[in-house]
Amino acid sequence: MRYWLMKSEPDAYSIDRLAKDKTAPWTGVRNYQARNFMRDQMAKGDKVLFYHSSCEEPGIVGIAEVCKLAYPDETQFDRKSDYYDEKSTRDNPRWLHVDVKFVKKTRLIGLAELRGNKALANMRVLARGNRLSITPVDPAEWEIINKLL
DNA sequence: GCCAACGTTGGC
DNA sequence: GCCAACGTTGGC
């Protein structure tokens with residue numbers, strides 16, 4: 001089993017929304033590295049740190065779990081969607097996504113707190129210039145964060 | 001709104 | 001394959 005951190009802008013999809021929906025298709029990823037993580041490495045039961053980005057208080061806000069393996073992202077075929085991709089075909093879909101299910105909300109562990117914790121200094125999401133919306137999390141890092149909750 | 005950092009595109 | 005231009009992300 002692996003551990004991940006997945007970013008979402010709360011205006012687009014928040015932890016509260018996931019708490020209500022129970023499960024969510026993680027559509028809209030349009031970055032190859034992030035897609036490859038979902039396609040090649042994510043398995044059912046993988047644990048996810050749910051992270052709010054581009055908002056007043058960016059940081060970890062909850063826990064989720066991968067509940068469905070990667071499959072084609074319908075939004076790439078929808079001309080009306082912001083995520084429409086005219087170069088993608090049903091025979092050879094370019095974009096895939098997993099589904100995640102709600103586990104729990106946590107207190108906010110903000111960016112400053114993450115950066116201030118030496119044991120978390122190597123977290124991928126904290127790397128300089130990182131923009132990836134999905135990043136792997138070390139089991140050791142996962143443990144440390146769980147103790148902070 | 002600013003801007004650093006990075007990914008993608010497209011001309012050559 | 002190179003690389004400049006452009007677009008996006010995301011913290012501040």
S.K.: Just checking, any donor-acceptor pair under 3.5 angstrom between side chains of A:D73 and A:T75?
M.R.: yes

S.K.: Within residues 27-39 of chain A, which residues have any heavy atom lying less than 4.0 Å from an atom of DNA chain B?
M.R.: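 Here the set is A:Y32, A:Q33.
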
S.K.: Return yes if a side-chain donor-acceptor contact under 3.5 Å exists between A:R30 and A:S133, otherwise no.
M.R.: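 Absent: no donor and acceptor within the cut-off.
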
S.K.: Looking at A:Y84, does the NZ or CZ of A:K80 lie under 6.0 angstrom from its six-membered ring centre and within 45 degrees of the ring axis?
M.R.: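 Pair A:K80/A:Y84 does not count as cation-pi.
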
S.K.: Determine, for nucleotides 4-12 of chain C in 5'-to-3' order, which nucleotides have protein heavy atoms under 4.0 Å from the base (write B), from only the sugar-phosphate (write S), or from neither (write -).
M.R.: ---BBBBSS

S.K.: For A:L126 and A:L120, work out which heavy atoms get closest and say how close.
M.R.: CD1-O, 3.4 Å

S.K.: According to a hydrophobic-cluster definition based on side-chain heavy atoms being under 4.5 Å apart (Ile, Leu, Val, Met, Phe, Trp, Tyr only), do A:L5 and A:V29 belong together?
M.R.: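 Different clusters.
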
S.K.: Check A:D85 with A:R94, please: is the shortest side-chain N to carboxylate O separation under 4.0 Å?
M.R.: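 Counted as a salt bridge, because a side-chain N and a carboxylate O are separated by less than 4.0 Å.
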
S.K.: Give a yes or no on this: more than 12 heavy atoms of other residues, nucleotides or ligands lie within 6.0 Å of atom CZ of A:F77.
M.R.: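 Counting neighbours around CZ of A:F77, more than 12 heavy atoms of other residues, nucleotides or ligands fall under 6.0 Å, so yes.
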
